[in-house]
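Please read the structure below before turning to the comments.
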Amino acid sequence: MYRNFRIVPNIIFGRGCFNQLDQILDKRRTSQNDRVMFVLDEVFKGRPLEGRLPVRGRDMILHVNVDDEPKTSYIDELTARIKDASGLPAAVVGIGGGSAMDIAKAVSLMLTNPGSSADYQGWDLIENPAVYHIAVPTLSGTGAEVSRTAILTGPEKKLGINSDYTLYDQMVLDPELVAGAPKEQWFYTGMDCYIHDVESLQGTYINEFSRAFGEKSLELCHQVFLEDHEDHADKLMMASYFGGMSIAYSQVGACHALSYGLSYVLGIHHGIGCCIAFDYLDEIYPEGVETFRKMMDRHQITLPRDLTRGLPEEKMELMVTTALNLVPLWENCLGPDWQNLMTRDRAMDLYKKM
Ligand code: NAD
Ligand code: ZN
């Protein structure tokens, strides 16, 4: 069976296109009572970008904290706050990196679906369409702007709300917005994209659709991280989009599976977690890892080490279980025989090196 998948229907791209957000929102404002909810990464509080938001009438800005990756409890709290304050908004705009974009996705879904966001962690559990939602990335790499998931850490698991309704209705891709990102963060989130490409292209699920997007994204990543280009921000923004499109029709692999374990047990964020894991995956992705190390050298990035030293046995076991539960990722990476190739012992050895 082939997957019949939905994509984000409206895209605006280019330097300064953020200024057109007002016009885009105008179409959603059908009555005077309609309000827009801006879900803004609180890093922008009081910064020029906040002043540029096209806030009208009864609109609200919801500053969101992304010190921790989004939790289901936080989504439930934000959803309740919006419902109390205003009822259903006409549109939700998520402005920030993958975390703020995922928060906005999850909130726009939970405004129209009853219960807790934890009830919907999984595949196609959402029943009602979301509030119209718009992505405005301020970091490039995760592909959250194009994906059909909002990744959440819940009481029992780290798993996305995967559904066609999760997808954004519109994305506003303005490369100028990533300008202020700290260099390390820019690198880690950019590597998320690079690793999406490597894992998609090297995986057993690869097909011409995913290859077409993955190869272009990889080429752009090479230009961004190994060459000098004035328009590197434009390139990385498109790489993120294409990388997201590539994995949408294939899958990620070993690195993402291992990074989920790091994240669930140690709270390590996605981008840096992927970098930490990838650095130990020479056996699986030899060329990809060699190039990754060149990119790290060129940008003078050093990764934290010895993260698992002294960790209690049960935490190590939980990390292995978390990673190995991600069956499609391993199957994509190593094929149907993956369980014989990636045993618990081998996964444990990899974690012990980190
Ligand atoms: P992030 O959103 O967690 O942000 C990282 C840091 O950068 C934060 O401190 C943030 O405040 C700051 N920041 C963001 N933009 C900035 C800017 N322009 N200037 C200065 N600071 C800025 O980082 P990320 O790597 O983009 O996203 C990681 C998150 O995305 C994780 O929660 C992960 O689970 C999620 N994710 C989602 C998908 C998906 O398909 N939905 C895919 C991969 C990752
Ligand atoms: Zn990723």
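When a ligand or atom number is given, it counts from 1 through the structure's own listing order.
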- Message: Ignoring hydrogens, what is the shortest heavy-atom contact between Ile134 and Leu25? Give both atom names and the distance.
- Response: CD1-CD2, 3.7 Å
- Over all atoms of both residues, closest heavy-atom pair of Leu334 and Trp338: CB-CB, 3.8 Å
Between ligand 1 and the protein, give all atom pairs where both partners are nitrogen or oxygen and the distance is under 3.5 Å, as lines of names plus distance to 0.1 Å.
residue, atom, partner, partner atom, Å
ligand 1, 2 (O), Gly98, N, 3.2
ligand 1, 2 (O), Ser99, N, 3.0
ligand 1, 2 (O), Ser99, OG, 3.4
ligand 1, 3 (O), Ser99, OG, 2.6
ligand 1, 11 (O), Asp41, OD1, 3.1
ligand 1, 11 (O), Asp41, OD2, 2.7
ligand 1, 15 (N), Thr138, OG1, 2.8
ligand 1, 18 (N), Thr138, O, 3.0
ligand 1, 18 (N), Leu177, O, 3.4
ligand 1, 19 (N), Ala181, N, 3.4
ligand 1, 25 (O), Thr189, OG1, 2.7
ligand 1, 26 (O), Gly98, N, 2.7
ligand 1, 27 (O), Gly98, N, 3.2
ligand 1, 32 (O), Ser99, OG, 3.3
ligand 1, 40 (O), Ser147, OG, 2.6
ligand 1, 41 (N), Asp102, OD1, 2.8
ligand 1, 41 (N), Asp102, OD2, 3.2
ligand 1, 41 (N), Ser147, OG, 3.3
ligand 1, 41 (N), Thr149, O, 3.0

- Task: Indicate yes or no: at least one non-hydrogen side-chain atom of His196 is less than 4.5 angstrom from one of Ser217.
- Result: no
- Only one of Tyr194, Phe278, Tyr280 passes ring pair (Phe, Tyr, Trp, His ring centres under 6.0 Å) with Tyr285, and that residue is Phe278
- Which atom pair, heavy atoms only, marks the closest approach of Ala347 to Leu324? CB-CD2, 4.3 Å
- Query: Say you draw a straight line from CE of Met110 to CG of Asn128; how long is it, rounded to the nearest 0.5 Å?
  - Reply: 10.0 Å
- Listing protein N, O or S under 2.8 Å around the Zn ion (ligand 2) gives Asp192 OD1, His196 NE2, His256 NE2, His270 NE2
- For the residue pair Phe225 and His299, categorise the inter-ring angle as parallel (less than 30°), tilted (30 to 60°) or perpendicular (more than 60°). perpendicular
- Query: Are more than 12 heavy atoms from other residues, nucleotides or ligands located less than 6.0 Å from atom OH of Tyr2?
  - Reply: no
- Message: Between Thr149 (side chain only) and Thr166 (backbone N and O only), is there a donor and an acceptor less than 3.5 Å apart?
- Response: no
